[in-house]
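The structure displayed is predicted, hence computed values, not measured ones. When reading the values below, keep in mind they use all heavy atoms of this one structure, side chains included, and skip hydrogens, waters and symmetry mates. FYI, the numbering just counts along the sequence from 1.
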Amino acid sequence: MLETIWFILWALLWAVYFILDGFDLGIGSLLPFAARNEGERRIMFNATGPFWDGNEVWLIAAGGVTFAAFPKTYAVMFSALYVPLLLLLFMLIFRAVSYEFRNKIEHPGWRTLWDLVHFVTNLVAAVLLGVAFANLFMGIPIDAEGLFHGSLVTFLNPYGLAGGVFFLVMFSLHGALWLCFKTHGYMQERALAFVYLLWPLTAILLLAFLLFTAFFTDLFVNYVAMPALFLIPLVAVAGLVGILVMLRLNRILLAWVSSCLFIVGVTFFGVMGMFPRMLISSKDAAATLTCFNSASSELTLTIMLGVALVMVPIVLVYQFWAYRLFSHKLDEKDIMTDSHAY
């Protein structure tokens with residue numbers, strides 16, 4: 001029972017990370033396309049600037065839960081995915097540097113360099129997350145000893161690349177919606193144009209990814225065995241449709257919340273299709289790690305659950321306060337005169 005609870009919490013932490021850092025990654029990936037001058041670029045930086053470091057807390061939490069609740073899965077996963085995870089780490093490090101360094105020197109070339117770094121790191125990080133999770137859904141070549149039989153190229157298979165493209169577009173749509181919420185006037189209109197451009201592309205890629213999933217993975221086995229699970233992809237579809245509905249009602253924040261619902265549905269669709277497996281072996285089914293054969297002791301899981309029930313609400317309250325504090329619309333003139341703005 002505790003193993004199942006922690007498996008669901010593990011999935012939830014990844015979903016929260018995708019929701020929160022997803023809009024950071026999406027806005028960064030849109031930087032060269034949505035911003036036409038220095039003022040607009042600073043608006044995009046400041047749309048995520050107060051939040052990005054707090055959002056990454058959930059990535060640490062997801063990794064920490066994997067380490068503490070499912071140590072064997074953590075050991076094998078971070079060994080097998082060492083190269084893509086290291087690349088992801090470097091992308092996140094240089095993204096952080098780009099926030100802090102671009103305004104240190106008043107020179108167009110300097111700012112252009114860090115704008116390029118910001119764009120590339122966000123785009124590559126979004127793709128890497130999609131590639132990594134698609135490969136987890138499909139399975140990776142690990143043996144009974146937990147040894148990985150492959151290379152970086154192993155992950156660049158058709159399904160993995162499809163996952164990377166899908167995550168990039170999904171995060172870009174999510175980021176464009178956040179930019180709509182944080183801006184007004186011409187910048188909001190341009191962000192809205194990107195939403196209407198990316199929405200049908202996201203819908204097409206969602207359908208394509210589902211078809212690829214049916215062909216390359218066995219995730220639908222759980223859904224056939226438990227038809228109630230089909231409510232999960234329906235939640236994703238409802239969230240995607242809700243984006244357009246809320247935009248037509250001019251409820252931009254609710255449109256972004258609908259995008260959050262879409263991301264939750266997508267995340268849980270894959271993870272619940274894996275259940276109880278956490279690391280599927282494509283080499284030897286007996287080497288597959290599940291939430292049962294890789295879990296910590298019952299005592300550890302119980303203590304961790306108590307800690308989580310206390311600490312997670314505290315983190316949520318703090319983040320709600322931070323989002324509330326910086327919920328105002330961004331104005332180019334204010335940013336240009338604010339010495340603390342990015």
Side-chain angles (χ1 to χ4, degrees), residues 1-18 58-82 84-85 129-150 154-155 157 159-160 163 212-233 264-308:
M1 182 62 179
L2 283 171
E3 293 88 350
T4 302
I5 291 173
W6 274 106
F7 181 89
I8 295 172
L9 288 174
W10 178 72
L12 182 61
L13 288 171
W14 280 112
V16 172
Y17 172 68
F18 291 153
W58 297 98
L59 175 62
I60 298 170
V65 164
T66 311
F67 170 76
F70 308 105
K72 189 172 182 179
T73 294
Y74 176 90
V76 177
M77 181 184 295
F78 278 71
S79 175
L81 300 177
Y82 180 78
L85 287 175
L129 286 169
V131 169
F133 270 81
N135 276 280
L136 288 179
F137 297 158
M138 182 176 66
I140 57 178
I142 54 174
D143 61 23
E145 300 298 321
L147 299 177
F148 175 64
H149 296 265
T154 305
F155 299 109
N157 53 74
Y159 186 64
F212 269 54
T213 297
F215 183 79
F216 284 100
T217 78
D218 62 357
L219 297 189
F220 282 103
V221 171
N222 276 356
Y223 288 85
V224 173
M226 295 180 287
L229 289 178
F230 278 103
L231 290 173
I232 296 174
V264 170
V266 168
T267 306
F268 271 86
F269 162 74
V271 175
M272 294 311 296
M274 293 170 62
F275 181 79
R277 300 168 299 174
M278 300 187 72
L279 200 57
I280 301 170
S281 172
S282 60
K283 186 177 180 65
D284 180 7
T288 293
L289 297 176
T290 72
C291 63
F292 299 110
N293 67 14
S294 68
S296 294
S297 67
E298 184 174 345
L299 177 61
T300 300
L301 296 178
T302 302
I303 293 173
M304 283 179 55
L305 186 59
V307 172

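- Atom CG in Asp284 sits 10.5 Å away from atom CD in Glu145 (nearest 0.5 Å).
- Looking at Met1 and Leu301, their side chains never come closer than 4.5 Å, going by heavy atoms from C-beta outward.
- Aromatic ring centroids of Phe133 and Trp14 lie under 6.0 Å apart.
- Of the possible polar contacts, one joining the Thr288 side chain to the Ser281 backbone as a donor-acceptor pair under 3.5 Å is found.
- Scanning for side chain to side chain contact (heavy atoms under 4.5 Å, CB included) contacts around Ala132 gives an empty result, with sequence neighbours left out.
- Side-chain contact between Met274 and Leu219: present, with at least one pair of heavy atoms (C-beta onward) separated by less than 4.5 Å.
- Looking at residues two or more places apart in sequence or on another chain, you find a side-chain hydrogen bond (donor to acceptor under 3.5 Å, both in side chains) between Tyr159 and Thr213.
- With Leu81 as the fixed residue, the side-chain contact (heavy atoms from CB on, under 4.5 Å) test singles out one of Val76, Leu279, Leu136: Leu136.
- The closest side-chain heavy-atom distance from Val131 to Pro84 is not below 4.5 Å.
- In this structure, Trp6 CH2 and Met278 CE are separated by 11.0 Å, a value rounded to the nearest 0.5 Å.
- Looking only at side-chain heavy atoms (C-beta outward), Met272 and Asn222 stay at 4.5 Å or farther from each other.
- Here the shortest heavy-atom pairing between Val224 and Phe230 reads N-CE1, 4.3 Å.
- For the residue pair Ile142 and Ala80, the shortest heavy atom distance occurs at CG2-CB, 4.1 Å.
- Taking the six-membered ring wherever Trp is involved, the centroid distance between the rings of Phe269 and Phe220 falls below 6.0 Å.
- Scanning all heavy atoms of the two residues, the minimum distance from Thr267 to Ala11 falls at CG2-O, 3.9 Å.
- Applying the side chain to side chain contact (heavy atoms under 4.5 Å, CB included) test to Ala68 and every residue at least two apart in sequence or in another chain returns Met304.
- The distance from atom CD of Glu3 to atom CD1 of Ile8, rounded to the nearest 0.5 Å, is 12.0 Å.
- A distance below 6.0 Å separates the ring centres of Phe148 and Phe155.
- By the ring pair (Phe, Tyr, Trp, His ring centres under 6.0 Å) test, Tyr17 pairs with no residue at all, sequence neighbours left out.
- Of all non-hydrogen atoms in Phe7 and Pro276, the two that sit nearest each other are CE1-O, 4.2 Å.
- Within the model, atoms CE of Met77 and CD1 of Ile140 stand 7.5 Å from one another, a figure rounded to the nearest 0.5 Å.
- Atom OG in Ser282 sits 13.0 Å away from atom CZ in Phe216 (nearest 0.5 Å).
- Phe292 and Phe70 have their aromatic ring centers separated by at least 6.0 angstrom.
- Thr290 has its side chain out of reach of Phe275: every pair of non-hydrogen atoms, C-beta onward, lies at least 4.5 Å apart.
- To the nearest 0.5 Å, atoms OG (Ser296) and CG (Leu2) are separated by 11.0 Å.
- Minimum heavy-atom separation, Leu147 to His149: O-CD2, 3.3 Å.
- Remark: Asp143 engages no residue in a salt bridge (charged side-chain N to carboxylate O under 4.0 Å, His left out) (not counting sequence neighbours).
- Contact check for Asn157 versus Asn135: side-chain heavy atoms found under the 4.5 Å cut-off.
- Residue pairs that meet the side chain to side chain donor-acceptor pair (under 3.5 Å) test with at least one member in residues 61-81, sequence neighbours left out, are Trp10-Thr66, Thr73-Ser294.
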